[in-house]
Amino acid sequence: MKSLLRAVLCALLLASGAVPAQAAQAAQAAQAVQSAAPAPVANAAEDWTPPLSTRGRYIVDAQGNRFRLRSGNWDGAQGSWNGSGDRNDPATHHSGQNASGIPLGLDRVPLPTLLADFRALGLNSIRLPFSNEMLRTTTPVPDAAVAANPALRGRTPLQVFDAVVAALTDGGFAVILNNHTVTTRWCCGLDGNERWNSGRSTAQWADDWVFLARRYRDNPRVAGADLYNEVRRDVLHDPNWGLGDDRDWHAAAQEAADRILTEANPNLLIVIEGINWFGLPVDGFPHGRPTLTPVRTLSHTLAVSNKLVYSAHFYGYTGPHHSGATGIGETSDLRYQDMSAAQLEQTLHDQAFFVSAETGAHFTAPVWISEFGIGADETGAAPRTWFDRLTGQLAAKDADFAYWPLVGWSTDAQGAPGGDTWAMLRYDAAGRRTGVLDAGDWRTARWSGLLAAPARTGPVPATTAWYQLTTDHRDHNASLLTRAGGDWDSGARKAVCPDGSRLSGLSHTGGRALCTGSGLRAPAGGHTVVRDERYVPAGGDWATGYTKFQCPAGQFLIGHSLRGDRVSAALCAPARTTLPGGGRTLWFDRGDNRPPGSPGGEYALGHYKGQCLPTEYPAGIAFTTRFASRPSPAALLCRPLPGPERS
């Protein structure tokens, strides 16, 4: 959300639902600054041990200590050209800043000085945007673009990016790579960058991610992959969350994430944003900014557990149903900056913070507010109040955050005032700095307060994890052990729990499943595919008149498969310890049958579902093929866990 909605043909614009961005350059108000205490100099690049993972709502390092992302967005490599005019003319670039397809500021400031300023801001991590075009550009950057870093002369944009990544990680920062754009063009309107697969296939997009993740896999402080920035409507089509077509962002993110983790680097955090805009920005037409709201009923379960982070962006001039436009594309909906403190707090919870606040659910994960910002020259009471409230909420929620943008210019090449007033650190042509580190920037006190607010530190204990599986449109095999064994039921839709977990619940219809963390599986792996009743012992009929796919003795359910609605097979894994027999039949073909409190959350909205108790393991699935009956899961055989597991 970093450029104004451009004035294009009215019909085209209204059909596009384009999401405008930063409005700081629209106002030419006189700069109004107030004295404030400089931000505290922090040992930002604190000691931490890669790789990063997650435990419940927190990101942790390899020692299990909380690592809160205190980040800045160092943009430029994603593109700065506004899309018309001579690319070599700075006037055709965002805020007059021609980034030359590399991180901003390398023409004005040596890398060591930039990193020292990042530390002084209190940062420990950098969100580093890039474009897919950058990966393929073979022309070296102009010498002028790296004038303050002459060792980078003659390098391609990707090679400069390499050098920046190395400098940041050598300096102790965690780097989160962010696929911001397809083309090296300023985001975010009708710019050809609306979706991850604009102008290419999802497979090609995932190929690029595998390439980049492999490129940095030997650098353990390259800590994460932020899959795509601000997925939004293009001229004709909306993105969606779970419909199974080529605009299904939920499915595309799952595909790319699993490929990154299995083909390139299993240590990376995977950062997934919600949907940033759908519909026509016209009163009376459906439109809005769903952000993370769909996650409540359809989340991601990755092939490597404890690597998922969700993210959202918030700017005061936009809103849950406001595009951020003024004039064409503007609606009567509330902007975030128009809300009362209570309204804003509730909206932030509903759109993002519920993911981290509501623990013990399949969607529980860290939430990173990976973009927010405001101009140093902002004088409006409403935007300033919004910034106060937002930073207050980030502090109160102990949230991970990343300011946009980190670096900008304060003068043009000729020394006249110019550049991006939203940048935290602004440099003139001679490399002199102004911004949040200096008295006089009104944002300094707010930033300092955010850094100084109480936050969890130290060890984070392991918590019970819950995972949702969906076979709506394809297989969902989250087990590396099972993947290694090949296709265990060719032609069927298969769902398999992550390694280190067991099946906990199934839906009667809809193809959903719920898994829970467990150390029950034998370390050697292996599994049994059950397609008939051979393992049901004599006298052990636990669902009379129903077909029963029961695990062999000593094994438990980790997955199942469907052909249409019909149960095709059960997948069982051997336990590391002796499993109790007996158990009870849990029916769910005529209504929900779940433990009190519904642990794991709503995993099959609108469908009947069953779930064993947390002290039980499932050992079989029953279904019927009687005429006029659904052949989908109808009952589970739930047995008591062995003693140590019951705790």
Trp196: side-chain hydrogen bond (donor to acceptor under 3.5 Å, both in side chains) partners, not counting sequence neighbours: Thr202
Distance in Å, Ile260 CD1 paired with Lys307 NZ, rounded so as to fall on 0.5 Å steps: 12.5 Å
Side-chain touch Asp420/Arg426, heavy atoms, less than 4.5 angstrom: no
CZ/Phe285: more than 12 non-hydrogen atoms of other groups inside 6.0 Å: no
Counterpart residues, salt bridge (Lys or Arg N to Asp or Glu O under 4.0 Å), relative to Arg443 (two or more places apart): Asp441
Partner set under salt bridge (Lys or Arg N to Asp or Glu O under 4.0 Å) for Arg200, not counting sequence neighbours: Asp208
Nearest atoms (heavy-atom pairs only) where Gly435 meets Thr444: O-OG1, 4.4 Å
Asn229 and Asn178: side chain donor to acceptor below 3.5 Å: no
Rounded distance [0.5 Å steps], CG in Leu123 versus CG in Leu115: 10.0 Å
Ring centres under 6.0 angstrom apart (Tyr315, Phe372): no
Nearest heavy atoms of Ala399 and Arg68, plus distance in Å: O-NE, 2.7 Å
Which atom of Thr137 lies closest to which atom of Thr156, heavy atoms considered: O-CB, 3.7 Å
From CD (Gln351) to CZ (Arg289), nearest 0.5 Å: 8.0 Å
Test side-chain hydrogen bond (donor to acceptor under 3.5 Å, both in side chains) applied to Asn88 - qualifying residues, sequence neighbours left out: none
Within-4.5 Å side-chain heavy-atom neighbours: Arg433 and Leu425: yes
Short side-chain donor-acceptor distance under 3.5 Å, Asn276 and Arg232: no
Salt bridge (Lys or Arg N to Asp or Glu O under 4.0 Å) against Asp333, all qualifying residues, sequence neighbours excluded: none
Centroid-centroid distance, His300 to Trp241, less than 6.0 Å: yes
Could you tabulate the donor-acceptor pairs under 3.5 Å formed by side-chain atoms of residues 139-151, not counting sequence neighbours?
unit_1: Asn149; atom_1: OD1; unit_2: Leu111; atom_2: N; d: 2.8
unit_1: Asn149; atom_1: ND2; unit_2: Leu106; atom_2: O; d: 3.0
unit_1: Asn149; atom_1: ND2; unit_2: Val109; atom_2: O; d: 2.9

Close side-chain approach of Thr379 and Trp442, heavy atoms under 4.5 Å: no
Atom pair CG (Leu128) and CG (Asp226), whose distance is rounded to the nearest 0.5 Å: 11.0 Å
Exercise: identify the closest heavy-atom pair between Ser80 and His93: OG-ND1, 2.8 Å
Spacing of CG belonging to Leu280 relative to NE2 belonging to His287, to within rounding of 0.5 Å: 9.0 Å
Any residue meeting side chain to side chain contact (heavy atoms under 4.5 Å, CB included) with Asp338, in chain and number order, not counting sequence neighbours: Leu334, Arg335
Distance-only polar pair, side chains of His313 and Ser370, donor-acceptor under 3.5 Å: yes
Heavy-atom donor-acceptor pair, Trp386 side chain to Leu344 backbone, under 3.5 Å: no
Ser71: side chain to side chain contact (heavy atoms under 4.5 Å, CB included) partners, not counting sequence neighbours: Leu69, Ser125, Trp368, Ala402
Pairwise side-chain contact, Leu390 with Tyr336, heavy-atom cut-off 4.5 Å (strictly under): no
Listed partners of Asp428 passing salt bridge (Lys or Arg N to Asp or Glu O under 4.0 Å), at least two apart: Arg432
Closest contact, heavy atoms only, Arg259 versus Ala206: NH1-CB, 3.6 Å
All pairs passing salt bridge (Lys or Arg N to Asp or Glu O under 4.0 Å) where residues 156-179 contributes a residue, at least two apart: Asp162-Arg215
is_close_aromatic(Phe161, Trp74), centroid dist under 6.0 Å: no
From Arg446 atom CZ to Arg384 atom CZ, the distance as rounded to the nearest 0.5 Å: 6.5 Å
With sequence neighbours excluded, residues passing side-chain hydrogen bond (donor to acceptor under 3.5 Å, both in side chains) with Asp350: Gln346
Test side chain to side chain contact (heavy atoms under 4.5 Å, CB included) applied to Ala257 - qualifying residues, sequence neighbours left out: Leu227, Ile270, Leu302
Side chain to side chain, Thr181 and Glu133, heavy atoms closer than 4.5 Å: no
Contact check, side chains of Asn240 and Phe278, non-hydrogen atoms, under 4.5 Å: no
Trp409 six-ring face occupied by Arg108 cation (under 6.0 Å, within 45°): yes
Where Val407 and Leu104 come nearest, the two heavy atoms and their spacing: CG1-O, 3.5 Å
